[in-house]
2 protein chains.
Amino acid sequence: MNLRDLRYLLAVLEHGHFGRAAEACGVSQPTLSVQLRKLEAELGVALLERGARGVAATAACRSLLPHVRAALAEAEAIQAQARRLRDPLSGPFRLGIIPTLAPYLLPRVLAGLRARLPNLEIEPWEDLTDSLLERLRAHDLEACVIATEPDQPDLLSRPLFAEPFLAALPPAHPLAAFPSVAQEELARDILVLAEGHCLRDQALAVCRTAAGQPMRATSLVTLMHLVAAGYGTTLIPALAAAAAREMGLVLKPLATGASRTLRLVWRARSPHRPAAEAVAESIIALTDRAWETSC
Amino acid sequence: MNLRDLRYLLAVLEHGHFGRAAEACGVSQPTLSVQLRKLEAELGVALLERGARGVAATAACRSLLPHVRAALAEAEAIQAQARRLRDPLSGPFRLGIIPTLAPYLLPRVLAGLRARLPNLEIEPWEDLTDSLLERLRAHDLEACVIATEPDQPDLLSRPLFAEPFLAALPPAHPLAAFPSVAQEELARDILVLAEGHCLRDQALAVCRTAAGQPMRATSLVTLMHLVAAGYGTTLIPALAAAAAREMGLVLKPLATGASRTLRLVWRARSPHRPAAEAVAESIIALTDRAWETSC
DNA sequence: TTTTATGATAGAGTTTATCTATCAGAGAGT
DNA sequence: ACTCTCTGATAGATAAACTCTATCATAAAA
């Protein structure tokens with residue numbers, strides 16, 4: 001069976017006349033005759049009653065018509081949807097983001113992304129780096145934003161921007177009196193996130209220490225609450241500065257100005273690369289020096 | 001676009017592998033490659049992301065999939081329905097019946113028709129002869145039962161059976177005392193149906209008179225009520241005898257044994273002829289001498 | 001680096017659809 | 001009764017499409 005033949009059928013019924021239906025379909029009358037006879041033969045059902053005054057549907061044909069129309073409507077829908085999707089900057093786009101970034105980046109950029117890429121339906125997905133990359137490779141995500149450089153050869157990435165780290169201290173902390181903090185001093189009572197968070201490894205690396213306080217915090221917010229309660233210090237990424245400050249923490253730049261580089265990652269062969277690039281550009285534009293205004 | 005290509009698409013997505021999908025479709029692998037590339041070109045959208053480990057749907061493709069599945073499901077439905085309709089004694093069958101017959105014939109035969117032709121969905125339609133024939137020719141009915149012989153050359157018919165006329169009298173009527181009634185005597189105070197009912201013309205013809213009492217009855221039931229109330233006499237078809245008797249009328253055979261012949265009519269070119277013939281046979285079998293048992 | 005797996009490509013062959021030209025049948029009008 | 005006209009069916013040629021086998025290109029795995 002063929003969508004074309006179904007269109008022929010509807011045309012003949014609509015016009016009640018092979019010749020006019022053929023004209024409407026842009027083919028010759030014998031074409032319709034032959035194809036519709038074939039359709040009847042294939043289905044094993046008489047669909048048309050051919051009279052001298054024109055053509056009419058048989059009862060069987062009438063009972064098939066709803067399905068015929070539905071099939072053609074679905075085909076139409078496919079083409080209409082495809083027309084919309086023809087713009088590479090359109091359609092669903094599942095974007096993974098690490099948890100230490102998502103709550104602080106998304107509010108800043110989502111509205112702007114919608115404005116700049118109105119046809120791209122961005123669906124954010126928050127998870128740890130490893131899970132994100134796994135999902136990305138499993139085609140469960142179109143791209144993701146992480147703070148490390150993926151080493152898998154089937155993934156490509158481009159840097160978005162460097163996000164400075166800031167020392168986060170309780171107001172009463174001795175280091176809070178200085179304009180900046182040296183990493184080694186911070187290392188003494190630093191609190192870090194649970195394993196799997198790239199920020200944990202980065203904080204420890206920045207402070208040149210192997211382990212922080214034996215606390216298990218699974219979110220940056222928890223970590224900041226712990227610091228505010230005086231359990232220790234921590235390192236937070238700049239985009240989280242405003243949230244930290246609202247919780248009463250004192251933020252100080254690091255003496256070395258360490259930062260993490262956020263990257264957008266996608267599959268090397270992904271046809272969504274244009275969309276990914278556009279998303280990257282937009283995020284860069286929308287967050288440019290965002291932390292400077294919030295420091 | 002083509003249903004076949006949509007099936008190819010689903011197969012490739014299901015197997016995640018062109019070769020295995022091709023095997024499942026019973027074609028060669030290059031066929032799938034070529035056809036799916038064409039489909040992508042036609043839609044202008046990348047549907048597949050081809051990787052060394054297999055194939056995956058793009059986000060665009062995923063957003064099309066519901067429509068793809070729906071289109072194929074509708075095509076399936078057409079074929080399934082056609083398979084059912086392949087039996088000529090199946091499917092919808094709109095059957096017109098004249099009003100002086102329908103209420104008395106249908107209760108006798110409908111259950112039997114369902115039993116004998118279980119797949120034929122008979123939809124009765126009650127109307128006057130002229131309307132029925134008009135609808136029949138307009139393909140709004142598959143067949144109809146009337147009591148006259150249609151003279152249109154594009155209609156065919158076959159007789160079902162002869163239905164005798166009976167004189168219907170109020171119990172107090174002088175003619176009620178005799179075993180049978182001569183038409184001329186009945187003619188004096190005969191009540192007939194409104195114009196358009198074939199029974200009106202037949203009653204007048206049987207009684208060899210030009211006009212009955214100036215009463216306008218649009219149904220046999222009304223007519224029988226009038227007779228029961230003593231307004232006059234009438235002629236009723238045998239199948240209505242039981243109903244008339246229940247209303248207290250006295251029924252007498254006519255001296256000449258006049259009757260009307262019921263016929264099943266269908267379009268000469270109708271592919272529903274087998275169903276019509278079967279319906280005719282069934283009606284004959286189911287009503288054979290039905291009035292004898294009710295006289 | 002070789003091997004293996006996978007999809008893409010080329011060219012031939014086959015099937016299918018379409019066209020033009022013509023036919024057959026039924027009404028309509030004379 | 002006899003054309004004339006309208007309508008769909010049919011035949012044969014042509015064109016388009018699909019599909020095949022054989023082979024290639026690429027990338028991951030050994």
Side-chain angles (χ1 to χ4, degrees), chain A residues 1-9 11-42 46-58 61 137-139 150-156 267-271, chain B residues 1-9 11-43 46-58 61 137 139 150-156 267-271:
Chain A
M1 200 173 36
N2 201 314
L3 290 171
R4 176 179 15 83
D5 295 342
L6 299 182
R7 280 190 206 100
Y8 289 168
L9 175 63
V12 166
L13 293 182
E14 189 184 334
H15 292 88
H17 188 285
F18 275 71
R20 281 190 283 281
E23 194 177 5
C25 293
V27 297
S28 69
Q29 168 262 313
T31 298
L32 288 201
S33 282
V34 169
Q35 289 307 110
L36 288 177
R37 283 221 170 271
K38 276 191 197 167
L39 182 61
E40 288 180 301
E42 181 188 345
L47 299 171
L48 299 173
E49 190 175 326
R50 295 145 174 95
R53 303 168 180 283
V55 189
T58 62
C61 181
R137 304 182 78 201
H139 298 260
D151 56 353
Q152 283 133 339
D154 57 345
L155 297 181
L156 293 181
R267 292 183 298 280
R269 308 220 207 175
S270 171
Chain B
M1 198 172 40
N2 201 312
L3 290 171
R4 176 178 16 80
D5 296 342
L6 300 184
R7 281 190 205 102
Y8 289 169
L9 176 62
V12 165
L13 293 181
E14 189 184 332
H15 292 90
H17 188 284
F18 275 71
R20 281 189 285 280
E23 194 177 5
C25 293
V27 296
S28 69
Q29 168 263 313
T31 298
L32 288 201
S33 282
V34 169
Q35 289 307 109
L36 288 178
R37 284 223 169 270
K38 277 192 196 168
L39 182 60
E40 288 180 302
E42 180 189 344
L43 295 179
L47 299 172
L48 299 173
E49 190 175 325
R50 295 147 174 93
R53 304 167 178 283
V55 189
T58 62
C61 182
R137 304 183 78 203
H139 298 259
D151 56 353
Q152 284 135 339
D154 57 345
L155 296 182
L156 292 180
R267 291 184 297 280
R269 308 221 207 175
S270 170

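- C/dA26 atom C1' lies 15 Å from atom CD of A/E49, rounded to whole Å.
- For the OP1/OP2 pair of C/dT18 and a distance below 4.0 Å, the side-chain nitrogens and oxygens of A/R4 include at least one atom meeting the criterion.
- Counting non-hydrogen atoms under 4.0 angstrom, A/G51 reaches nothing in the nucleic acid.
- To the nearest angstrom, C1' of C/dA17 lies 16 Å from CG of A/L6.
- When the nearest nucleotides of DNA chain C are assigned to B/D154 and B/H17 by heavy-atom distance, the more 5′-ward of the two goes with B/H17.
- In this structure, B/Q152 places its CD atom 17 Å from P of C/dA26, rounding to the nearest Å.
- Side-chain proximity of B/F18 to D/dA9, D/dT19, C/dA8: nearest is C/dA8.
- Counting non-hydrogen atoms of neighbouring residues, nucleotides and ligands closer than 6.0 angstrom, the CD atom of A/E23 reaches no more than 12 such neighbours.
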key: Verdict with supporting geometry, B/S33 and B/Q29, side-chain hydrogen bond (donor to acceptor under 3.5 Å, both in side chains)   = CA-CA 6 Å; B/S33 282; B/Q29 168 263 313; 3.1 Å; yes
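- Atom CG in A/L39 sits roughly 11 Å away from atom P in C/dA17 (whole-Å rounding).
- For B/Q29 and D/dT26, the CD to P distance is 16 Å, given to the nearest whole Å.
- The interatomic distance linking A/L156 (CG) with D/dA27 (P) rounds to 12 Å, in whole Å.
- When each of A/R269 and B/Y8 is assigned the nucleotide of DNA chain D with its nearest heavy atom, B/Y8 is the one assigned upstream, toward the 5' end.
- Between D/dA17 and B/K38, no contact under 4.0 Å exists linking OP1 or OP2 to a side-chain N or O.
- In terms of heavy atoms, A/A11 sits closest to A/C25 at CB-SG, 3.5 Å.
- Atom CD of B/Q35 and atom C1' of D/dC20 are 13 Å apart (whole Å).
- A/R50 has a side-chain polar atom (N or O) that falls below the 4.0 Å cut-off from OP1 or OP2 of D/dA9.
- Look at B/T31 and you'll find a side-chain N or O under 4.0 angstrom from OP1 or OP2 of D/dC20.
- Taking only side-chain nitrogens and oxygens, B/R37 never comes nearer than 4.0 Å to OP1 or OP2 of C/dG7.
- Remark: P of C/dT20 and CG of A/L32 are 13 Å apart, rounded to the nearest angstrom.
- Residue B/P30 is classed as a base contact, given a heavy-atom separation below 4.0 Å to a base.
- For D/dG8, the OP1/OP2 oxygens have no side-chain nitrogen or oxygen of A/S33 closer than 4.0 Å.
- Between B/S28 and A/P153, it is B/S28 whose nearest contact on DNA chain D lies nearer the 5' terminus.
- Taking 4.5 Å as the limit, every side-chain heavy atom of A/Y8 sits out of range of all side-chain heavy atoms of A/N2.
- A distance of 4.5 Å separates CD of B/E40 from CG of B/L47, quoted to the nearest 0.5 Å.
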